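Bear in mind that the values here come from a model prediction, so they are computed numbers and not experimental data. Side-chain atoms are counted along with the backbone in the values below, which use heavy atoms only and exclude waters and symmetry mates.
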Amino acid sequence: QVQLVESGGGSVQTGGSLRLSCLASGSTYCMGWFRQAPGKEREGVAFISTRAGVTDYADPVKGRSTISQDNAKNTVYLQMNSLKPEDTATYYCAAVTRLALVPGYPRCQDARYNYWGQGTQVTVSS
């Protein structure tokens, strides 16, 4: 069992930056950041293969966000820059703990994430 604890959400103005953190309590193959805005479906944002270091990004955040990891701290980060009001959402960290759930390994974008954090709110005002 893996527990995920997110932190770093908050309120910023358009053009601002935030760094989200996700601490994992156990070993993973993939970790990803997802977001869900009110009335919208959850969407994947950024993904990292925690053992291979391969990263992927969804088009809406590509070029503005960077996912990274600190293996010593078992923590994954999402640095978000040039934030826009449409980035407003609850951001969730997720993890994959079984290789069988990552058919495209080491690419983690289409993996089946089996552990989820509680979410952290990001609000971007214009």
[atom1] of [X] to [atom2] of [Y]: how many Å apart, nearest 0.5 Å?
| X | Y | atom1 | atom2 | result |
| --- | --- | --- | --- | --- |
| Thr28 | Leu99 | OG1 | CG | 11.5 Å |
| Ser7 | Tyr77 | OG | OH | 8.5 Å |
| Ile67 | Tyr57 | CD1 | OH | 6.5 Å |

May I ask whether [X] and [Y] are part of the same hydrophobic cluster, defined by side-chain heavy atoms of I, L, V, M, F, W, Y residues being less than 4.5 angstrom apart, directly or through others?
| X | Y | value |
| --- | --- | --- |
| Leu101 | Met31 | no |
| Val45 | Val122 | yes |
| Met80 | Ile48 | yes |
| Val61 | Leu83 | yes |
| Trp33 | Val54 | no |

Inset, instruction - Report yes if the distance between the aromatic ring centroids of Tyr113 and Tyr29 is under 6.0 Å, otherwise no. - result: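 Between Tyr29 and Tyr113, which both carry aromatic rings, the centre distance is not below 6.0 Å.
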
Inset, instruction - For atom CZ of Arg98, decide whether the heavy atoms of other residues, nucleotides or ligands shown that lie under 6.0 angstrom number more than 12. - result: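 Not buried by this count: 12 neighbours or fewer within 6.0 Å.
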
Inset, instruction - Could you tell me whether Gln36 atom CD has more than 12 heavy atoms of other residues or ligands within 6.0 Å of it? - result: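 Above 12, so yes.
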
Restricting to non-hydrogen atoms, name the atom on [X] and the atom on [Y] that form the minimum distance, rounded to 0.1 Å.
| X | Y | result |
| --- | --- | --- |
| Leu23 | Lys73 | CD1-O, 3.2 Å |
| Ser65 | Leu78 | CB-CD1, 4.1 Å |
| Gln109 | Phe47 | CG-CE1, 3.4 Å |
| Val2 | Ser27 | CG2-O, 4.0 Å |
| Cys108 | Ser49 | SG-CA, 3.5 Å |

Taking the side chain from [X] and the backbone from [Y], do they hold a donor-acceptor pair closer than 3.5 Å?
| X | Y | answer |
| --- | --- | --- |
| Asn74 | Gly26 | yes |
| Asp110 | Pro103 | no |
| Thr120 | Glu6 | no |

Please set out all donor-acceptor pairs under 3.5 angstrom arising from side-chain atoms of residues 9-22, sequence neighbours excluded.
residue	atom	partner	partner atom	Å
Thr14	OG1	Ser125	O	3.0
Ser17	OG	Asn81	OD1	3.0

Quick one: side chains of residues 87-95, donor-acceptor pairs under 3.5 Å with protein atoms, not counting sequence neighbours, listed by atom name and distance.
residue	atom	partner	partner atom	Å
Asp87	OD1	Arg35	NH1	2.9
Asp87	OD1	Arg64	NH2	3.0
Asp87	OD2	Arg64	NH1	2.8
Asp87	OD2	Arg64	NH2	3.4
Asp87	OD2	Lys84	N	2.8
Thr88	OG1	Pro85	O	2.9
Thr88	OG1	Val124	N	2.9
Thr88	OG1	Val124	O	3.4
Thr90	OG1	Gln121	OE1	2.9
Tyr91	OH	Arg35	NH1	2.9
Tyr91	OH	Asp87	O	2.6

